[in-house]
Amino acid sequence: MEAITAGKMTDLEGFDSRYGALFADLVVLARALGAGPDAEDVVQEALLQARGHLHQLRDPDKLRAWVRRMAIRGACRARRRRVADLDTEHIERLPTTDVPDVDVTAAIAGLPERERVAVTLVFGLGYRQDEAAELMGVAAGTVYSSVWRARRKLARLLAADEPASKPTGRDAR
């Protein structure tokens, strides 16, 4: 019994020693996923949940991914609450590059949740699609198809927003 208690204490001490680095990383992730001003609260809740259920973690090497999944779910819940409370004019959006007359952030914000999260993780935060699948807790094929569907929807939406007088992007040479 004493060995088990000592092992749990070591796990908790290891978790506590990584808290600061995990917190900073997860706040960036939660903000990118639309948690907005609730990002730090979302991350705090995810870390407290993880610490309380640390005994359920099968592979200690996967701690970071395990806690990220919790933070992703929390960020998605926070975004849904914010969207329900705000009208579309006041929704915080992801920063984009300067592209005239094209509102990419509005187009991404309008995607269904799974597609929006997949696109944000892959293109916004630079995760590989298999990493995004692990973070989202879904099969890799689900992320591949979500990204594919999102890209098609975004292409249609952004093409519809593009003024007819603008060039198509093809080189006339």
Engineer: How long is the straight-line distance from CD of Glu45 back to CG of Asp41, given to the nearest 0.5 Å?
Structural biologist: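 Result: 6.5 Å between the selected atoms.
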
Engineer: Apply side-chain contact (heavy atoms from CB on, under 4.5 Å) to Leu121 and Glu131, showing your working.
Structural biologist: CA-CA 9 Å; Leu121 289 172; Glu131 292 173 326; over 6 Å; no

Engineer: Check for me, please, whether Tyr19 and Leu57 land in the same ILVMFWY cluster - side-chain distances under 4.5 Å, paths through other members count.
Structural biologist: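 Same cluster.
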
Engineer: How long is the straight-line distance from CG of Leu111 back to CG of Leu154, given to the nearest 0.5 Å?
Structural biologist: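 Between atom CG of Leu154 and atom CG of Leu111 there are 4.5 Å.
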
Engineer: I need the minimum non-hydrogen distance between Val67 and Ala46, along with the two atoms involved.
Structural biologist: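 Here Val67 and Ala46 meet closest at O-CB, 4.4 Å.
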
Engineer: Are Leu125 and Ile72 connected into the same hydrophobic cluster when the rule is that any two of I, L, V, M, F, W, Y join if their side-chain heavy atoms are below 4.5 Å apart?
Structural biologist: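 Looking at the clustering, Leu125 is in the same group as Ile72.
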
Engineer: What is the minimum heavy-atom distance between Arg69 and Leu135, and which atoms define it?
Structural biologist: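 Taking Arg69 first and Leu135 second, the nearest heavy atoms are CG-O, 2.5 Å.
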
Engineer: Using atom types as modelled and distance alone, determine if a side-chain donor or acceptor of Ser145 lies under 3.5 Å from a backbone N or O of Gly141.
Structural biologist: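 Yes.
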
Engineer: In plain terms, say whether Glu134 and Arg68 are close enough for a salt bridge, that is, a side-chain N and a carboxylate O under 4.0 Å apart.
Structural biologist: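 No salt bridge links Glu134 with Arg68.
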
Engineer: Decide yes or no for Val147 and Phe123: does some side-chain heavy atom of the first lie under 4.5 Å from some side-chain heavy atom of the second?
Structural biologist: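 The answer is yes; the side chains approach within 4.5 Å.
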
Engineer: Are the side chains of Leu22 and Leu63 in touch, meaning some heavy atoms are under 4.5 Å apart?
Structural biologist: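 In contact.
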
Engineer: Closest approach of Ala39 and Arg31, non-hydrogen atoms and distance?
Structural biologist: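 Minimum heavy-atom separation between Ala39 and Arg31: CB-CG, 3.4 Å.
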
Engineer: How close do Ala133 and Ala140 get, heavy atom to heavy atom, and via which atoms?
Structural biologist: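 It is CB-CA, 3.5 Å.
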
Engineer: Looking at every non-hydrogen atom in both residues, tell me the closest pair between Ala118 and Ser146 and how far apart they are.
Structural biologist: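 So the minimum-distance heavy-atom pair works out to CB-CB, 4.1 Å.
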
Engineer: List the steps and the verdict of side-chain contact (heavy atoms from CB on, under 4.5 Å) for Leu48 and Gln44.
Structural biologist: CA-CA 6 Å; Leu48 286 172; Gln44 182 71 23; 3.9 Å; yes

Engineer: So which atom in Leu29 and which in Tyr127 form the shortest heavy-atom distance, rounded to 0.1 Å?
Structural biologist: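 Closest heavy-atom pair between Leu29 and Tyr127: CD1-CE1, 4.4 Å.
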
Engineer: Just wondering, do Phe23 and Arg18 contact through their side chains at under 4.5 Å, heavy atoms?
Structural biologist: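 A side-chain contact under 4.5 Å is absent here.
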
Engineer: Got Trp66 and Arg58 here, is their nearest side-chain heavy-atom distance under 4.5 Å?
Structural biologist: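 A side-chain contact under 4.5 Å is absent here.
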
Engineer: Treating Ile, Leu, Val, Met, Phe, Trp and Tyr as nodes and any side-chain heavy-atom pair under 4.5 angstrom as an edge, say whether Val119 and Tyr144 lie in one connected cluster.
Structural biologist: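 No; tracing contacts between hydrophobic side chains, which count when under 4.5 Å, never links both residues.
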
Engineer: For the hydrophobic clusters of this structure (ILVMFWY residues joined by side-chain heavy atoms under 4.5 Å, transitively), does one cluster hold both Met70 and Val28?
Structural biologist: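 No: no chain of side-chain contacts under 4.5 Å links Met70 to Val28.
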
Engineer: If you measure from CZ on Arg77 to CG on Leu33, what distance do you get to the nearest 0.5 Å?
Structural biologist: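 It comes to 12.5 Å.
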
Engineer: Would you say Arg151 has more than 12 foreign heavy atoms packed within less than 6.0 Å of its CZ?
Structural biologist: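 No - once you tally the heavy atoms of other residues, nucleotides and ligands closer than 6.0 Å, there are 12 at most.
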
Engineer: Examine Val42 and Leu26 and state if one hydrophobic cluster contains both, with Ile, Leu, Val, Met, Phe, Trp and Tyr joined whenever side-chain heavy atoms are less than 4.5 Å apart.
Structural biologist: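 Val42 does not cluster with Leu26.
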
Engineer: Considering only heavy atoms from C-beta outward, does the side chain of Val117 approach that of Glu113 to under 4.5 Å?
Structural biologist: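 Heavy-atom side-chain distance check passes, below 4.5 Å.
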
Engineer: Let me see the working for Arg156 and Lys153 under side-chain contact (heavy atoms from CB on, under 4.5 Å), right down to the final yes or no.
Structural biologist: CA-CA 5 Å; Arg156 282 194 304 269; Lys153 288 176 185 175; 3.6 Å; yes

Engineer: Report the C-alpha separation of Arg64 and Asp25 in whole Å, then their side-chain angles, then the decisive distance to 0.1 Å, and conclude whether the side-chain contact (heavy atoms from CB on, under 4.5 Å) test is met.
Structural biologist: CA-CA 10 Å; Arg64 190 178 199 94; Asp25 180 44; 3.3 Å; yes

Engineer: For Arg114, does the CZ atom sit with more than 12 other heavy atoms under 6.0 Å from it, leaving out its own atoms?
Structural biologist: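 No, the 6.0 Å shell around CZ holds no more than 12 heavy atoms from other groups.
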
